[in-house]
Every structure is written in structure tokens, then in C-alpha cells.
Amino acid sequence: MFKSMFEIVDEPIQVEEIIKKVTRREAGAITTFLGTVREWTNGRKTIYLEYQAYKPMAIKMLAQIGKEIKEQWENTEVAITHRVGRLDISEIAVAIAISSPHRKAAYEANEYAIERIKQIVPIWKKEHWEDGETWIGDQLEKVNYPSGEPPIIKEGN
Amino acid sequence: MFKSMFEIVDEPIQVEEIIKKVTRREAGAITTFLGTVREWTNGRKTIYLEYQAYKPMAIKMLAQIGKEIKEQWENTEVAITHRVGRLDISEIAVAIAISSPHRKAAYEANEYAIERIKQIVPIWKKEHWEDGETWIGDQLEKVNYPSGEPPIIKEGN
Amino acid sequence: MITVLLFAQLQEVVGKERIQVDASELTVTELKEKLKSKYNIPQVDQVMTAINEEYALPDDLITSGDIVALIPPVSGG
Amino acid sequence: MITVLLFAQLQEVVGKERIQVDASELTVTELKEKLKSKYNIPQVDQVMTAINEEYALPDDLITSGDIVALIPPVSGG
């Protein structure tokens, strides 16, 4: 069965499945990053999170990140799955797996992937605190269009 | 059942199990590194690998690495499993999982762990090539005792 | 007719997941002005815009049939 | 009696996993000299040594009952 490398899912993320997608005979290193729901943030208690995505565009942007990685780090394979809906403490919101012949690229590309997800992928998180709820945005503490341009170069430009 | 954070095993490594060991309510990030058996190295084809460990000391050294990490990166949890025996292409030789409240520490500590494993943990790899076999050593291309000292400071020194 | 998709806090403020705007051609900036006057969404100045799932610039043209998404600062990961 | 454990290529060269050395006290360097003269292992100069599972220095003392491991350059990971 064909498995897409870039997915937005409603169900709990199975890490082994995502690792399998990038496992290859040429790979000597596989890094994964799991973003999990943390209970405490700046002294405030989270009860659960809710993620919403603009799904078709989010998948496109994840694929875009994969493309950027393959351009920057030779012979890497990339799989990213982001979950949406309600997530309880310790559940996995995002899983990134990168394989490469050597470990340096696998670490670097993985960290690049999560940074880019936080910049360009249309997914939003709503924190449900003990004492209220709020949509989180602008985590990077940057204004929009900091460069006056959207955060990716469109094809053909 | 008590699960040790540092293990040398003969059986295939189950990544989910190792991730579970470091999953915590305080963690927002879990990184894993998997060292897998690569088919080609410098144009030479590997058929399979064989790992041997000085098991009790290897476990101690893995725990030592865990201790070093917790000293350097606040509120991290570390689990490392290394497999020994015969490993075929794409099988996992080592799995490192690190959890931490924020991602930066989880990446840095993970990379530190694999570097240290390659320095101080008494485990040896024998490459079985198409045309011969050889024990691999000194991967870091350093002489032994490069500083005139063993690579860890003994307790009490 | 242009379809405008709303997400996160914008969806809650407006109380809808999508808005239909009756226009045949206008820029991203013009669309935003239109939305500001019709709906009470001051945040619209601070959101990015995508046209047919591609990030767009303020002067980019939207034509009838396009799907526009208003994209507040993202917070995935 | 001191037990000396061998691994990897050393184990293959000597053809044993362990050697018993009849001595009550000697340094790491002295032990290595002893092993060189008795077994054909020139590599012994290039290996690290552990005494009771702790890395040791050339001048560290080994006493009867200790378990010494000769540790060729490691290649785990």
C-alpha cells in the first residue's frame, strides 16, 4: 500500500510506521522528533490541546519542507505526520523522521524541519488551560511578513 | 515492571518501548536517534554486521553518558539501548531517546549521546563485507588516550 | 464569487468556517478591506493570505472561483 | 590471580575470551608487558584498559582478584 510521506491525521501517531517510511538500505542514521503535549508552560497548567489545520495546504507545506531538506542535505528521506483534533498530555502532536547515510545530516535536517513547520505550515493550536482557553500564534515572536514577503518562495517566481 | 534506561540486548530493538521510557508530562520534545546498518560504506558492500560488547561495563558507560547529559541539560530524561550479535542491513544497532521540556536540549543532548557512545562504550563492530571481514575500531581517527587520559574521569578523582 | 476560509481565532470571531465574497477580481489588500468593513475582524491586517493553497502577497490578484485562506500566525509542531 | 578479558580482534588473535595471569600486584603497563611476552599481541600497546569495569591509567595498580579488560578502540553506535 502506498503511504504518503506527509500526512495530517486525526488518530494517534504511530512512530514505528513513520520510521518505516524512511528506512532504507543506504541509511545509517534515522532521527525522529516528537512534539508532545507538555503539561506546564510558564507556570500555567494545560488540560489538553486542540489542533486545527488547513489540511490540503498543510500537506503541501510539509511536502515543501521535505523538498527543501532534500535540496540542502544530500540523500535524505523525510516523513512528517501532524495530528489534529484534541490531544491530551504526553500525546504526540507531530512526528518527523529523517534518514540519511550519516548522522550529522539526519540531526540537522530534523531540526530544520521543526523550525520550518513552526513558520509555514497552516496548523493552529488552542491551549485549554485550567482557567481558560486561547489560540496560540506567533510563537516565534515575529510579526507577520517580517521580510515583507510570505515565508516561502512560490514556484515559478 | 521496572525497565532499565540503559540496556544491551540481543533481540531487535523496539523503538516505541524506548520512547515510552522517556515520555513524561513535563516533556514537550522527544528526539530519537537510530543507528542502522548501512549497506554501502566507501564503495564497499556490507553483507551483515556483528556487534560484541563488554556488557556490564557497556551498561555502566551508557549510564555514565546519561548522567553527563542530565548534568549538562536540565530536566532531560535519557534511554539508550544497544544491540549486539548479528545485524542485517537496515536493522537498528543503537537507539537513543531523549525527552526534555523544549526541543533544543533534546536535539543537542541526543547528538552528544551518540558522540560519547562512539568514544567510551566498550562495544565493537565487525563488518562482514562481500570480500572479507574486519573488526572496526578507531572510527574517530584518534589515537588512544589522545589526552594521555582515559576518556572519562573516574568517580572520586 | 470568491471563497474565503477562516481558521482558529478568526473562525471563532466571525462564527463561520467560510465566507463567500461576491467579486470577480480584487487584490489581497482589497479583499481584506472588504472583510474588515463587513465583518468585525480587525485581526485581518495581521494575517497571512493564501490563494488556492499558495501564500500570496498583498498585491496579488484574486479572481472569481479562487479559494482564499486567511492564515493567522501558525502554531503547529 | 588476575583475570584479563579479551574482545574483538584481540579475542581472535589470542583465540581466547579470557586469560588468567598469576600475579598479586602489578601496574597496567607491567601487565601489558607480561601479555606481550607471553602472547603474540603487539596491539596490546594500542588498547585501553579497564580495571573492574572502570577505565584505568597506565600506572594504575592491579591486584589479585581484579578483572582487567583490554579495550581496543571502540566502534559501537
Side-chain angles (χ1 to χ4, degrees), chain A residues 12-20 22-42 45-49 75 77 87-115 117-118 125 139, chain B residues 12-20 22-42 45-49 75 77 87-115 117-118 125 139:
Chain A
I13 291 176
Q14 303 301 325
V15 181
E16 302 265 14
E17 271 179 34
I18 297 167
I19 290 169
K20 250 181 231 147
V22 301
T23 301
R24 300 172 296 150
R25 301 175 76 82
E26 309 96 285
I30 299 172
T31 53
T32 72
F33 173 82
L34 308 177
T36 56
V37 180
R38 193 177 53 229
E39 185 164 31
W40 294 91
T41 296
N42 300 326
K45 189 176 179 177
T46 296
I47 308 302
Y48 67 95
L49 295 186
N75 200 0
E77 196 53 78
L87 273 81
D88 292 317
I89 305 299
S90 283
E91 287 199 286
I92 300 166
V94 63
I96 302 164
I98 313 261
S99 69
S100 110
H102 301 282
R103 67 185 179 280
K104 198 76 197 165
Y107 280 112
E108 286 179 3
N110 201 304
E111 202 165 357
Y112 176 86
I114 184 67
E115 299 298 334
I117 287 170
K118 288 174 180 290
K125 171 167 77 175
Q139 288 191 316
Chain B
I13 291 176
Q14 303 302 324
V15 182
E16 303 263 16
E17 272 179 33
I18 296 166
I19 290 170
K20 253 181 228 145
V22 302
T23 301
R24 300 171 296 149
R25 301 176 77 80
E26 308 97 285
I30 299 172
T31 53
T32 71
F33 174 83
L34 309 177
T36 55
V37 179
R38 192 178 53 230
E39 185 165 31
W40 293 92
T41 297
N42 301 327
K45 188 176 180 179
T46 297
I47 307 302
Y48 67 95
L49 295 186
N75 200 2
E77 195 53 80
L87 273 80
D88 292 317
I89 305 300
S90 285
E91 287 199 286
I92 299 167
V94 63
I96 303 165
I98 314 259
S99 69
S100 108
H102 301 281
R103 67 184 180 281
K104 198 75 198 166
Y107 279 113
E108 285 178 4
N110 200 304
E111 201 164 356
Y112 177 85
I114 184 66
E115 298 299 331
I117 287 169
K118 289 174 180 288
K125 171 168 79 177
Q139 287 192 312

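Sequence lines set the chain letters: A, B, ... in the order given, protein chains first and strands last, and positions in each chain run from 1.
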Subject >> Portion of Ile92(B) that has a non-hydrogen atom of chain A nearer than 4.5 angstrom >> reply: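 It is neither, since no heavy atom gets under 4.5 Å.
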**OP:** Select one option (side chain, backbone, both, neither) describing which atoms of Val37(B) are under 4.5 Å from chain A's heavy atoms.
**Re:**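 Just the backbone, heavy atoms under 4.5 Å.
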Subject >> Largest heavy-atom contact set with chain A, pairs under 4.5 Å, which of Gly35(B), Ser90(B), Ala95(B) >> reply: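 Looking at each of Gly35(B), Ser90(B), Ala95(B) in turn, Ser90(B) comes out on top.
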**OP:** Against chain A, work out which of Glu39(B), Arg25(B), Glu26(B) has the most heavy-atom pairs shorter than 4.5 Å and name it.
**Re:**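 Of Glu39(B), Arg25(B), Glu26(B), Arg25(B) has the most heavy-atom pairs under 4.5 Å with chain A.
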**OP:** Give the member of Ile114(A), Ile30(A), Val94(A) that has the highest number of heavy-atom pairs under 4.5 Å with chain B.
**Re:**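 The residue among Ile114(A), Ile30(A), Val94(A) with the greatest pair count is Ile30(A).
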Subject >> Derivation of the side-chain contact (heavy atoms from CB on, under 4.5 Å) call for Ile13(B) and Ile18(B) >> reply: CA-CA 8 Å; Ile13(B) 291 176; Ile18(B) 296 166; 3.4 Å; yes
Subject >> Main-chain N/O of Val15(A) paired to Glu16(B) side chain as donor or acceptor, under 3.5 Å >> reply: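 Between the backbone of Val15(A) and the side chain of Glu16(B) there is a qualifying donor-acceptor contact (under 3.5 Å).
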**OP:** Please report the closest heavy-atom contact between Arg38(A) and Ile89(A), naming both atoms and the distance.
**Re:**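 Of all heavy-atom pairs spanning Arg38(A) and Ile89(A), the closest is O-CD1, 4.1 Å.
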**OP:** Before giving the answer on side-chain contact (heavy atoms from CB on, under 4.5 Å), spell out for Ile96(A) and Ile117(A) the whole-Å C-alpha distance, their side-chain angles and the decisive distance to 0.1 Å.
**Re:** CA-CA 10 Å; Ile96(A) 302 164; Ile117(A) 287 170; 3.8 Å; yes
**OP:** Check whether the side chains of Asn110(B) and Arg103(A) place a donor and an acceptor atom closer than 3.5 Å, and report yes or no.
**Re:**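 Looking only at side-chain atoms, Arg103(A) and Asn110(B) do not form any donor-acceptor pair under 3.5 Å.
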